[in-house]
K.L.:
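Quick one: structure below, then a few questions.
A quick note: this is a predicted structure, and the numbers were derived from the prediction, not measured.
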Amino acid sequence: MKELADVLADSGMTLAASHADRTVENWTEEAEELFTLYASMHPNGFLTEDVRMWANKLGFPPPPDGRAWGYIARKAAVSGRIKSIGYAKAKSSNNSPKVLWTSGEAA
């Protein structure tokens, strides 16, 4: 059974993704494609923040709530497009550990 904190986190990510799609048509669909592409180019591992920064450099619109990227990562992991290979410090959250991903094909 999921802990309350996990349920709330999932709910927040889902709401953030829905908000992103209402703000930018097909945001989650395009973000998933970018996430998968980034994963295929970085078989040695990456953080979600790396994908987010890369997408911003490409001109991809940021979501109104950054938790939408968490939704994208979770969806890619569940579908097997990415796989967790450990943890790494994330600059975006004061060096707290975040999931280190790799392509599901490379893992």
Side-chain angles (χ1 to χ4, degrees):
M1 184 171 188
K2 278 190 170 186
E3 302 249 349
L4 178 58
D6 293 329
V7 171
L8 292 174
D10 287 349
S11 177
M13 287 186 288
T14 300
L15 287 171
S18 294
H19 185 197
D21 278 337
R22 285 191 309 274
T23 305
V24 177
E25 187 174 351
N26 297 321
W27 187 89
T28 56
E29 183 178 310
E30 292 177 26
E32 287 176 49
E33 289 177 22
L34 285 173
F35 207 101
T36 303
L37 176 61
Y38 192 90
S40 71
M41 297 184 311
H42 295 84
N44 295 325
F46 63 93
L47 297 169
T48 299
E49 72 177 19
D50 299 326
V51 180
R52 189 184 70 240
M53 289 185 293
W54 176 71
N56 287 343
K57 287 179 184 177
L58 292 177
F60 186 68
D65 183 331
R67 292 178 297 176
W69 281 110
Y71 173 87
I72 299 303
R74 182 186 61 192
K75 192 169 180 184
V78 168
S79 71
R81 288 177 281 153
I82 60 172
K83 184 173 184 175
S84 171
I85 57 170
Y87 296 90
K89 292 179 180 179
K91 294 175 189 170
S92 64
S93 55
N94 298 316
N95 287 328
S96 63
K98 299 295 181 186
V99 177
L100 187 63
W101 302 108
T102 189
S103 173
E105 297 160 6

K.L.:
Output, in order, the C-alpha distance, side-chain angles, deciding distance and verdict of side-chain contact (heavy atoms from CB on, under 4.5 Å) for Thr14 and Arg74.
P.N.:
CA-CA 10 Å; Thr14 300; Arg74 182 186 61 192; 3.4 Å; yes

K.L.:
Hey, what do you get for OG1 (Thr102) to CD1 (Ile82), rounding to the nearest 0.5 Å?
P.N.:
9.5 Å

K.L.:
What pairs of residues pass the salt bridge (charged side-chain N to carboxylate O under 4.0 Å, His left out) test when at least one of them lies in residues 88-102, not counting sequence neighbours?
P.N.:
none

K.L.:
Quick one: list whatever passes side-chain hydrogen bond (donor to acceptor under 3.5 Å, both in side chains) with Ser93, sequence neighbours left out.
P.N.:
Ser96

K.L.:
Checking Glu49 side chain against Ser92 main chain: does a donor-acceptor pair fall under 3.5 Å?
P.N.:
yes

K.L.:
Mind checking side-chain hydrogen bond (donor to acceptor under 3.5 Å, both in side chains) for Lys75 and listing every partner two or more places apart, or none if nothing turns up?
P.N.:
Glu32

K.L.:
Which donor-acceptor pairs under 3.5 Å do side chains of residues 38-47 form with protein atoms, sequence neighbours excluded?
P.N.:
{"unit_1": "Ser40", "atom_1": "OG", "unit_2": "Leu37", "atom_2": "O", "d": "2.6"}
{"unit_1": "His42", "atom_1": "ND1", "unit_2": "Tyr38", "atom_2": "O", "d": "2.9"}

K.L.:
Not counting sequence neighbours, which residues clear salt bridge (charged side-chain N to carboxylate O under 4.0 Å, His left out) with Asp50? List them please.
P.N.:
none

K.L.:
Just jot down the side-chain hydrogen bond (donor to acceptor under 3.5 Å, both in side chains) partners of Asn26, sequence neighbours excluded, or say none.
P.N.:
none

K.L.:
OG1 of Thr48 to CG of Leu100: how many Å apart, nearest 0.5 Å?
P.N.:
9.5 Å

K.L.:
May I ask whether Met53 and Val99 are part of the same hydrophobic cluster, defined by side-chain heavy atoms of I, L, V, M, F, W, Y residues being less than 4.5 angstrom apart, directly or through others?
P.N.:
no

K.L.:
Considering only residues two or more places apart or on different chains, which pairs with a residue in residues 13-23 satisfy salt bridge (charged side-chain N to carboxylate O under 4.0 Å, His left out)?
P.N.:
none

K.L.:
List for me each residue that meets side-chain hydrogen bond (donor to acceptor under 3.5 Å, both in side chains) alongside Glu30, sequence neighbours excluded, and say none if there are none.
P.N.:
none

K.L.:
Can you pull out every ring pair (Phe, Tyr, Trp, His ring centres under 6.0 Å) where at least one residue sits in residues 62-81? Sequence neighbours excluded, please.
P.N.:
Trp27-Trp69

K.L.:
Taking all non-hydrogen atoms of both residues into account, name the closest pair between Thr23 and Pro64 and its distance.
P.N.:
OG1-CG, 3.5 Å

K.L.:
Name all pairs fulfilling the side chain to side chain donor-acceptor pair (under 3.5 Å) condition that reach into residues 53-63, sequence neighbours left out, sorted by first residue then second.
P.N.:
none

K.L.:
How long is the straight-line distance from CZ of Arg81 back to CD1 of Ile72, given to the nearest 0.5 Å?
P.N.:
8.5 Å

K.L.:
Grab the two heavy atoms, one from Trp101 and one from Ser84, that are nearest each other, plus how far apart they are.
P.N.:
CE3-N, 3.6 Å

K.L.:
Calculate, to the nearest 0.5 Å, the distance between atoms CZ and CG belonging to Arg67 and Leu15 respectively.
P.N.:
7.5 Å

